[in-house]
A.B. asks: 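Sharing a structure with you now.
A, B, ... follow the sequence lines: proteins, then strands. Residue 1 opens every chain. Computation of the quantities below employed the complete heavy-atom set of this structure, encompassing side-chain atoms and omitting hydrogens, waters and symmetry-equivalent molecules.
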Amino acid sequence: MRDRESSAVEQESSDYEKSVVLSALEHDQLVKARKRFFPRRQLKGAEFGILWALRIYVILMMFVVAYQVWIAAR
Amino acid sequence: MKPVSTQPETEAVLITHEDIDRAHDRLRVLSARGGRGFFSNARLLWLLIGPGVLVMLGENDGPSMLSYAATGAKFGIGFFIPFVILTFCMAIVVQEMTVRLGAATHRGHAELIFERFGPFWGWFSLIDLGIGNFLTLITEFIAVRAGLGYFGISPWLAILIALAILYAALMTHRYWTWERITLTAALFNLIFIPVALMTHPHWHAVARSIITAKPLPLFNSETLLILLADIGATVTPWMLFFQQSATVDKGLTIKDIRFGRADTVIGAALASAAAVATILATAPLFAHQMSAGNFEAAQFAQALEPVIGRFGASLFALGMVEAGIVAAITISTSSAYAFGEVAHKPHSLNLPIGQGKSFYGVLTLCAAAAAAIVLIPGLPLVYVVLIVNVVAVLAMPPALVFLYMLVNDKEIMGNLVSPLWANVFSTGVVLLLTAAGVLFGISVIAPNVFAIIGGK
């Protein structure tokens with residue numbers, strides 16, 4: 001089911017507007033074309049490892065930042 | 001090898017209002033591309049310039065300008081001038097990748113992460129972006145409040161002025177007009193250059209510092225915090241999301257990448273000039289041995305008054321206001337783009353209000369909520385200013401790894417994947433930022449460790 005907002009975007013357009021759009025934009029630039037997804041990429045073991053390592057790094061460092069703010073507030 | 005298309009050519013064409021507006025902008029580009037010679041190229045550059053300049057001058061925001069001001073006041077002319085220029089070179093390499101990604105895929109950054117890596121990783125990067133953007137937005141309104149406070153304007157009025165400018169730019173419902181209004185406002189970032197000239201900098205010392213990067217600062221936790229803040233002042237996650245989405249919204253294609261690069265380099269040159277000017281402007285505070293430990297925007301202006309007079313100090317305060325307003329516009333727009341891309345809702349500055357309720361709603365809500373927080377009396381906002389650039393540096397390595405993987409993804413980029421040198425450089429940037437973050441963590445948990453290795 002299409003949501004209301006999306007369907008509202010699709011509007012009747014004149015032949016002139018259509019020709020302007022089709023001559024000026026690449027097919028992949030059209031809003032409708034951009035609603036198609038790129039296929040999911042299969043991550044390799046090393047890629048998983050790096051992404052998880054950096055995720056853990058960010059979470060740990062956020063605790064450090066919170067600790068620094070707590071120290072400064074004291 | 002051409003990047004994969006996601007749309008079969010035979011499908012019936014449905015045209016939207018957004019397509020029509022973008023097509024009219026692109027017609028001008030196509031017409032300019034038909035010409036030859038200097039003037040045609042200059043016109044093309046004028047038409048295609050925008051996302052790069054906006055992202056670079058937008059990142060010269062409230063906390064960034066305060067970081068540069070604190071750098072000048074604490075360390076004077078020396079190591080940090082070439083260091084800041086170097087960080088902008090780093091920003092050029094990173095941001096150029098988003099231009100290529102946007103032009104090749106016609107997809108925003110959040111959209112691509114969700115599609116290629118799935119919602120699990122997508123939500124992580126979106127949460128990083130959301131937290132970072134909201135904290136940064138709060139600091140933009142702090143900068144506006146403090147800057148206008150110098151002229152005796154009440155916080156309520158200052159925040160209303162900032163919100164009014166932000167919504168006035170949005171009310172055009174046209175990417176092109178929004179971009180030109182914001183670009184015009186962003187150029188006021190260069191106001192720091194006349195302020196710097198008023199301090200009569202020692203040009204010989206400036207040239208020597210650029211060539212030799214000396215005098216070097218002591219290696220201690222204070223220096224590390226400024227280093228991190230200055231890095232966070234030039235490369236942050238919202239810049240990646242914003243420039244790629246704006247590149248798509250503007251309608252740039254593979255043929256425009258050359259101009260997208262020029263746009264990014266021009267933006268970095270202007271932004272680094274403003275950043276160095278801010279360091280030079282506050283360097284007299286270092287020469288006069290004035291303490292600048294907890295200075296906010298208005299206090300810097302007041303401290304500079306004896307050196308550059310009331311007029312110069314007023315320009316400095318206005319510069320802070322401009323930095324806050326332009327960044328509030330670009331950062332809230334980057335949040336709205338990312339939300340629309342992930343929620344598959346229309347997301348373009350070409351949308352009329354009725355068709356882009358969620359896009360304008362998120363944009364408005366982000367800005368209004370951050371503005372409201374600044375007005376709550378008694379909140380310790382100084383801590384937000386203190387950590388916002390540090391948070392940006394900490395969140396940057398994972399964002400850069402996603403960017404690296406996307407821009408080297410042959411399935412979506414074709415022949416536009418990054419060259420080896422860019423990959424080596426971006427890997428170096430990730431390692432540098434991670435190392436800086438780890439050092440910061442050590443300095444917080446074990447502050448005495450720097451004394452052991454030779455610092456103060």
Side-chain angles (χ1 to χ4, degrees), chain A residues 2-44 46-48 50-73, chain B residues 4-7 9 11 13-20 22-27 29-30 105-107 111-112 115-118 121 124 128 248 251 253 344-346 348 351 354-358 380 383 386-387 390-391 394-395 397-398 401-402 405 409 411-412 434 437-438 440-441 444-445:
Chain A
R2 283 196 316 221
D3 64 44
R4 250 188 229 169
E5 203 168 4
S6 301
S7 57
V9 176
E10 293 157 14
Q11 59 181 41
E12 287 298 318
S13 44
S14 68
D15 287 345
Y16 169 72
E17 282 169 338
K18 264 189 186 169
S19 69
V20 167
V21 169
L22 294 177
S23 63
L25 296 184
E26 291 178 1
H27 199 79
D28 280 357
Q29 282 183 292
L30 297 175
V31 171
K32 283 303 283 184
R34 282 161 43 195
K35 284 180 181 165
R36 298 255 172 167
F37 301 150
F38 282 113
R40 178 84 67 87
R41 172 181 166 158
Q42 295 302 315
L43 290 171
K44 293 173 196 149
E47 290 171 336
F48 255 122
I50 291 169
L51 290 179
W52 268 114
L54 285 171
R55 183 50 44 199
I56 292 165
Y57 159 83
V58 169
I59 292 169
L60 285 178
M61 294 312 286
M62 288 305 151
F63 280 111
V64 174
V65 169
Y67 175 70
Q68 193 208 19
V69 171
W70 182 65
I71 294 284
Chain B
V4 291
S5 169
T6 53
Q7 176 83 348
E9 299 287 331
E11 191 167 304
V13 178
L14 277 164
I15 306 297
T16 67
H17 184 284
E18 187 188 328
D19 289 323
I20 295 167
R22 189 169 297 122
H24 282 291
D25 291 343
R26 292 298 300 169
L27 274 184
V29 173
L30 295 176
T105 64
H106 304 305
R107 295 290 203 282
E111 208 169 354
L112 270 187
E115 287 179 21
R116 293 298 280 165
F117 301 107
W121 295 109
F124 268 133
D128 287 350
V248 175
T253 65
H344 301 296
K345 297 281 184 190
S348 168
L351 289 167
Q355 293 176 13
K357 282 176 194 153
S358 57
Y383 300 124
L386 196 74
I387 60 159
V390 175
V391 169
L394 299 177
V401 167
F402 280 122
M405 288 166 81
D409 190 338
E411 266 188 74
I412 59 170
T434 311
V438 170
F440 162 76
V444 171
I445 294 165

A.B. asks: For each of Leu54(A), Leu51(A), Ile50(A), tally heavy-atom pairs with chain B at distances under 4.5 Å, and name the one with the top tally.
C.D. replies: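 Heavy-atom pair counts peak at Leu51(A).
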A.B. asks: Among Arg116(B), Arg22(B), Met405(B), single out the residue with the greatest number of heavy-atom pairs under 4.5 Å to chain A.
C.D. replies: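 Most heavy-atom pairs under 4.5 Å with chain A: Arg116(B).
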A.B. asks: Tell me, side chain or backbone of Arg40(A) under 4.5 Å from chain B's heavy atoms, or both, or neither?
C.D. replies: both
A.B. asks: Flag the one option from Ile445(B), Val29(B), Leu30(B), Thr253(B) with the top tally of heavy-atom pairs under 4.5 Å to chain A.
C.D. replies: Thr253(B)
A.B. asks: Quick one: pull up CG in Asp28(A) and OG1 in Thr105(B) and give me the separation to the nearest 0.5 Å.
C.D. replies: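 One gets 9.0 Å once the value is rounded to the nearest 0.5 Å.
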A.B. asks: If you tally heavy-atom pairs under 4.5 Å against chain B, which of Arg55(A), Met61(A), Glu26(A) wins?
C.D. replies: Arg55(A)
A.B. asks: Sort Thr434(B) into side chain, backbone, both or neither according to what part of it lies under 4.5 angstrom from a heavy atom of chain A.
C.D. replies: both
A.B. asks: Answer with side chain, backbone, both or neither: which region of Leu25(A) has an atom nearer than 4.5 Å to a non-hydrogen atom of chain B?
C.D. replies: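 Contact with chain B is through the side chain of Leu25(A) alone.
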A.B. asks: Which atoms of Gln29(A) are under 4.5 Å from chain B, going by heavy atoms: the side chain, the backbone, both sets, or neither?
C.D. replies: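 The answer is both parts of Gln29(A).
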A.B. asks: Quick one: what part of Asp128(B) sits under 4.5 Å from any heavy atom of chain A, side chain, backbone, both or neither?
C.D. replies: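 Only the side chain of Asp128(B) comes within 4.5 Å of chain A.
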A.B. asks: Using 0.5 Å steps for rounding, measure from the CZ atom of Phe124(B) to the CZ atom of Phe402(B).
C.D. replies: 9.0 Å
A.B. asks: Could you check whether His17(B) and Gln355(B), counting side-chain N and O atoms only, form a donor-acceptor pair closer than 3.5 Å?
C.D. replies: no
A.B. asks: Can you tell me which portion of Trp52(A) sits under 4.5 Å from chain B's heavy atoms? Options are side chain, backbone, both or neither.
C.D. replies: both
A.B. asks: Say you draw a straight line from NZ of Lys18(A) to CD1 of Ile20(B); how long is it, rounded to the nearest 0.5 Å?
C.D. replies: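 Taking NZ in Lys18(A) and CD1 in Ile20(B), the distance rounds to 10.0 Å.
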A.B. asks: Hey, are Glu115(B) and Arg107(B) close enough for a salt bridge, meaning a charged N less than 4.0 Å from a carboxylate O?
C.D. replies: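 Between Arg107(B) and Glu115(B) there is a salt bridge, with a charged N closer than 4.0 Å to a carboxylate O.
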A.B. asks: Say you draw a straight line from OH of Tyr57(A) to CE of Met62(A); how long is it, rounded to the nearest 0.5 Å?
C.D. replies: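 Going from the OH atom of Tyr57(A) to the CE atom of Met62(A) covers 8.5 Å.
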A.B. asks: Salt bridge between Arg26(B) and Asp19(B), side-chain N to carboxylate O under 4.0 Å?
C.D. replies: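 Looking at Asp19(B) together with Arg26(B), the answer is no, because their closest N to O distance does not fall below 4.0 Å.
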